[in-house]
**Q** 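Here it is, the structure in full.
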Amino acid sequence: MGFAHTVGGTRYVFDDLRTLLARATPARSGDLLAGVAAASSAERVAAQRALADLPLGHFLDESVIPYEADEVTRLIVDSHDPRAFAPVRHLTVGGFRDWLLADADGAVLSALAPGLTPEMVAAVSKICRVQDLVAIAAKCRVVTRFRNTLGLPGTLSIRLQPNDPVDDPKGVAAQILDGLLLGAGDAVIGVNPATDSPDNICRLLTMLDALRERFAIPTQSCVLAHVTTTLLAIERGAPVDIVFQSIGGTEGVNRSFGVSLDLLREAREAALGLRRGTLGDNVMYFETGQGSALSAEAHHGCDQQTLEARAYAVARAFAPLLVNSVVGFIGPEYLFDGKQILRAGLEDHFCGKLLGLPMGVDVCYTNHAEADQDDMDALLTLLGVAGVTYVMGVPGADDVMLAYQSTSFHDGLYARAVLGKRPAPEFAAWLDAMGIARRTPEQLPAVMAPVLA
Amino acid sequence: MSGGADEPGSGRAEVGPPLLWRDLRRFTTARVGLGRVGHAQPTSAHLDFQEAHARARDAVWSALDSTALASSLEAFGVATRQVASEAADRRTYLLRPDLGRRLAAADREVLAADSRPGCLALVVADGLCASGVQTQAAELVAHLLPALGASGWDLAPVVLASQARVALGDDVGEVLGAVAVAVMIGERPGLSAIDSVGIYLTWAPHRGRTDAERNCISNIRPAGLRPADAARKLLWLLAAARRLGATGVALKDDESVALEGTASPTIDAMQR
């Protein structure tokens with residue numbers, strides 16, 4: 001079945017749903033690279049108008065990647081909840097946008113989430129302006145728990161990201177202390193390892209856990225190793241709080257990451273079995289990013305934003321503590337400049353939240369992207385207004401291991417200050433007790449110094 | 001409110017536990033202990049960052065001066081050829097990695113005249129940082145030449161490639177009939193290193209080789225892996241590749257880091 005719309009006397013025809021979604025997507029380099037982008041502004045708006053007229057129910061009849069060919073499609077179709085979908089089943093994509101802006105509140109959206117497919121959510125995002133992406137996401141309520149409570153209204157959490165080029169324990173510890181002194185670490189203290197060997201991962205896990213225990217910090221730690229390495233670490237008895245994995249929106253991209261839905265299920269069961277969460281059992285942490293499927297040559301002719309939303313369908317099957325898009329990290333061939341990164345970051349947050357995920361964003365860029373600190377400030381501020389669950393914190397915005405720029409600990413303080421947000425309540429109480437809630441002392445708190453002795 | 005410092009370290013002692021916030025700087029090259037003005041970074045730390053980013057941006061957009069590089073290489077008695085990829089300019093190069101991996105058709109024809117089956121091809125490519133390669137390529141080649149001759153390698157004219165990605169070496173190697181190609185290429189500048197060069201070695205190069213079939217030596221720069229040591233590593237890899245008849249994951253040991261196409265792709269994997 002095809003779709004068509006006429007703009008300025010020209011009739012634009014779109015052969016199938018994935019083509020319609022791709023042509024309707026606001027311009028970005030990755031879709032041009034994939035050859036799926038609209039050829040003109042007129043074709044794009046024609047696709048957006050045709051998409052706006054499409055009944056939401058159509059998304060239950062046509063998949064962008066065939067059911068037989070892809071386990072992510074099967075997950076989406078098989079887990080769809082028709083009862084939750086009922087309140088919007090009569091709407092078109094355009095009517096859904098109006099309904100989201102006018103009628104929906106947080107409780108309604110939480111109940112709706114299991115009834116939405118990622119393609120429906122991606123579709124409505126394509127006809128939203130930036131302010132719509134912000135306003136609708138701000139209504140969503142998603143709360144998760146492990147050793148603290150993330151996502152409560154009025155809070156903004158920070159992942160403390162103390163990466164070291166050679167996984168030097170003192171280099172990692174110094175960055176953790178710096179982050180704690182600047183109020184970061186309530187989302188997770190999470191290290192990207194330079195070396196993904198079981199010995200190294202176990203060493204880092206043990207070190208992070210000892211540090212957390214020593215200060216009695218109400219948070220969780222994570223070493224962002226491959227899920228198979230983390231499973232080995234669990235077998236060896238290492239203190240694994242939450243399990244990390246990069247995921248994507250097709251079976252093929254997940255294969256390129258070395259994972260499948262079965263493997264993720266196995267990892268979640270293993271982490272649940274450790275019973276380390278004190279307040280809740282959200283034990284998974286996923287990272288995603290527009291462009292990963294094209295990079296893995298597993299995009300099936302779909303646009304990168306639709307596939308990104310499908311990655312969130314993978315994530316929600318595992319009740320994660322945290323999900324984030326690494327929006328500016330994948331490179332300028334996918335998101336070229338500050339404008340593209342900004343919109344994509346807000347789309348990712350919007351889609352993740354509508355699907356019921358505790359969505360964070362790595363507000364970031366690489367040095368070969370046309371972006372700078374001003375672009376990051378704009379995206380961070382907009383995401384804060386949109387109610388982003390968490391952002392990253394790296395010392396001085398400079399990740400010395402991954403060689404890219406993310407948000408700094410100071411940026412986290414800024415966003416909380418101008419938006420009137422607080423850390424997760426348990427963590428805020430800990431900062432108070434440590435005497436570092438409102439200011440950073442020149443003298444290190446006595447309990448901290450021995451860590452680096 | 002500010003706990004920052006203008007000088008690295010506390011000066012108190014280089015041993016023993018840190019006492020001040022800024023003492024954290026003794027333990028990492030990360031930007032810790034920057035101080036704080038309200039919620040923000042003090043002006044000096046803010047401008048340090050802006051300066052580092054400005055230099056990295058300029059390095060990304062720097063252009064390879066192939067003519068100057070050719071004359072410094074020819075001073076060693078090495079013949080050179082200048083080629084380009086199918087990416088017409090820097091913007092295209094950044095947007096279309098596929099074009100940067102392909103040798104321009106005209107250059108393919110010109111290079112065919114130099115075909116010498118069994119030769120070793122050496123490509124010097126701008127990659128994501130021409131300025132780094134510009135300053136270090138000659139020294140790398142100077143360290144390689146004597147040992148290459150002694151090991152019996154037949155070195156083809158050195159190919160200087162602009163707007164080039166690593167895989168452009170596959171086209172070059174294929175046209176030259178090379179048994180192996182070594183690509184010296186500028187690595188993506190970070191805030192702390194804007195002059196890093198990587199060397200990628202590929203056995204039996206032809207279009208379509210994957211990253212898993214290459215070996216890489218990275219972070220070559222005065223403050224990282226020194227050119228003399230990098231040259232020694234490359235010679236070791238060449239000898240091992242000749243013995244094995246292959247590069248890539250099959251050739252993996254302490255001397256090098258093989259590129260693995262599995263598990264979690266790194267940011268570097270996505271830039272090649």
Side-chain angles (χ1 to χ4, degrees), chain A residues 29 32-33 162-165 168 170-175 177-178 181-182 196 225-226 228 245-246 256-258 292 295-296 329-333 336 366-368 372-373 394-400 402-405 408 410 413-414 416-418 439-444 449-453, chain B residues 1-5 16-36 38-41 45-46 48-50 52-54 56-57 59-61 91 94-98 128-129 187-194 261-271:
Chain A
S29 50
L32 281 165
L33 184 62
N163 296 340
D164 184 272
D168 170 36
K170 289 197 173 180
V172 171
Q175 296 182 65
L177 297 190
D178 196 62
L181 289 168
L182 291 165
D196 196 295
H226 190 263
T228 52
Q245 183 55 46
S246 292
S256 83
F257 286 134
S292 63
S295 177
F329 184 84
I330 315 283
E333 61 267 43
F336 187 65
T366 57
N367 285 324
H368 60 322
D372 60 21
Q373 293 298 94
V394 302
D398 174 10
D399 186 313
V400 293
L402 293 171
Y404 79 120
Q405 288 86 250
S408 67
H410 295 80
L413 292 176
Y414 150 78
R416 284 176 181 160
V418 297
R439 56 181 291 274
T440 305
E442 277 190 52
Q443 192 97 17
L444 284 179
V451 171
L452 289 161
Chain B
M1 188 71 90
S2 167
L19 298 175
L20 302 180
W21 181 17
R22 67 184 187 214
D23 290 346
L24 295 178
R25 292 191 212 170
R26 299 201 321 247
F27 302 92
T28 175
T29 56
R31 293 169 194 257
V32 298
L34 296 181
R36 174 173 169 182
H39 57 257
Q41 292 178 27
H46 155 59
D48 285 348
F49 181 101
Q50 296 298 85
H53 184 238
R57 293 288 296 145
V60 168
W61 287 82
R91 185 183 161 88
L94 292 172
L95 284 167
R96 293 289 304 273
D98 53 325
L128 281 165
C129 178
E187 294 181 337
R188 197 190 70 222
L191 292 194
S192 50
I194 56 166
T262 57
S264 42
T266 64
I267 189 164
D268 290 333
M270 293 188 170
Q271 307 317 329

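Worth saying up front: this structure is predicted, and the values here are computed from it rather than measured. Labels below follow one simple rule: chain letters A, B, ... track the order of the sequence lines, proteins then strands, and each chain is numbered from 1.
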**Q** Hey, could you give me the CZ/OG distance between B:R91 and A:S29, rounded to the nearest 0.5 Å?
**A**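 With rounding to 0.5 Å, CZ (B:R91) is 9.0 Å from OG (A:S29).
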**Q** Between OG1 of B:T28 and CG of A:L177, what distance do you get to the nearest 0.5 Å?
**A** 11.5 Å
**Q** Distance check, rounded to the nearest 0.5 Å: B:L34 atom CG versus A:D398 atom CG?
**A** 10.0 Å
**Q** Tell me which of these, A:V400, A:L444, A:L413, has more heavy-atom pairs under 4.5 Å with chain B than the rest.
**A**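 So the answer, after comparing A:V400, A:L444, A:L413, is A:L444.
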**Q** Quick check on B:A30 against chain A: is it the side chain, the backbone, both or neither that has a heavy atom closer than 4.5 Å?
**A**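 When you check distances to chain A, atoms from both the backbone and side chain of B:A30 fall under 4.5 Å.
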**Q** Where is the tightest heavy-atom contact between A:Q443 and B:L20, given as atom of each residue plus distance?
**A** OE1-CD2, 3.8 Å
**Q** Can any side-chain N or O of B:R57 pair as donor or acceptor with the backbone N or O of A:N367 at less than 3.5 Å?
**A**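 It does hold such a pair.
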**Q** If you tally heavy-atom pairs under 4.5 Å against chain B, which of A:D399, A:L182, A:V394 wins?
**A** A:L182
**Q** Tell me the closest heavy-atom pair linking A:P395 and B:R31, and the distance in Å.
**A**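 Minimum heavy-atom contact is CB-O, 3.4 Å.
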**Q** Can you tell me which portion of A:A296 sits under 4.5 Å from chain B's heavy atoms? Options are side chain, backbone, both or neither.
**A**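 Neither part; nothing is under 4.5 Å.
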**Q** Considering only heavy atoms from C-beta outward, does the side chain of A:D178 approach that of B:W21 to under 4.5 Å?
**A**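 Yes, at least one pair of side-chain atoms sits under 4.5 Å.
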**Q** Determine whether B:L94 and A:E333 make a side-chain contact, defined as any pair of heavy atoms from C-beta on separated by less than 4.5 Å.
**A**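 When only atoms from C-beta onward are counted, A:E333 and B:L94 do not touch, as no gap falls below 4.5 Å.
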**Q** Does any backbone or side-chain atom of A:S408 lie under 4.5 Å from a heavy atom of chain B? Answer side chain, backbone, both or neither.
**A**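 Just the side chain, heavy atoms under 4.5 Å.
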**Q** Kindly indicate whether the side chain of A:L33, heavy atoms from C-beta on, has any atom under 4.5 Å from the side chain of B:D98.
**A**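 Result yes, sub-4.5 Å side-chain heavy-atom pair found.
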**Q** Using every non-hydrogen atom in the two residues, find where A:H410 and B:G35 come nearest and quote the distance to one decimal.
**A** NE2-O, 2.8 Å
**Q** Show the nearest heavy-atom pair for residues B:L128 and A:H368, with the distance to one decimal.
**A** CD2-CD2, 3.7 Å
**Q** Would you say B:H53 and A:Q405 make side-chain contact, with heavy atoms under 4.5 Å?
**A** yes
**Q** A:D372 versus chain B, heavy atoms under 4.5 Å apart: side chain, backbone, both or neither?
**A** both
**Q** In terms of heavy-atom pairs under 4.5 Å, which option from A:G171, A:P165, A:P162 contacts chain B the most?
**A** A:G171
**Q** Distance check, rounded to the nearest 0.5 Å: A:L452 atom CG versus B:D23 atom CG?
**A**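 The CG atom of A:L452 sits 10.0 Å away from the CG atom of B:D23.
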**Q** Need one label for A:Q373: side chain, backbone, both or neither, based on atoms under 4.5 Å from any heavy atom in chain B.
**A** side chain
**Q** When rounded to the nearest 0.5 angstrom, what is the spacing between CZ in B:R26 and NZ in A:K170?
**A**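 One gets 9.0 Å once the value is rounded to the nearest 0.5 Å.
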**Q** With a 4.5 angstrom heavy-atom cut-off, is it the side chain or the backbone of A:A449 that approaches chain B, or both, or neither?
**A**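 Both the backbone and the side chain of A:A449 come within 4.5 Å of chain B.
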**Q** I need the minimum non-hydrogen distance between B:F27 and A:A174, along with the two atoms involved.
**A** CB-CB, 3.7 Å
**Q** Just give me the residue among B:A193, B:A40, B:S192 that pairs up with chain A most often, heavy atom to heavy atom, under 4.5 Å.
**A**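 Max contact count across the listed options: B:A40.
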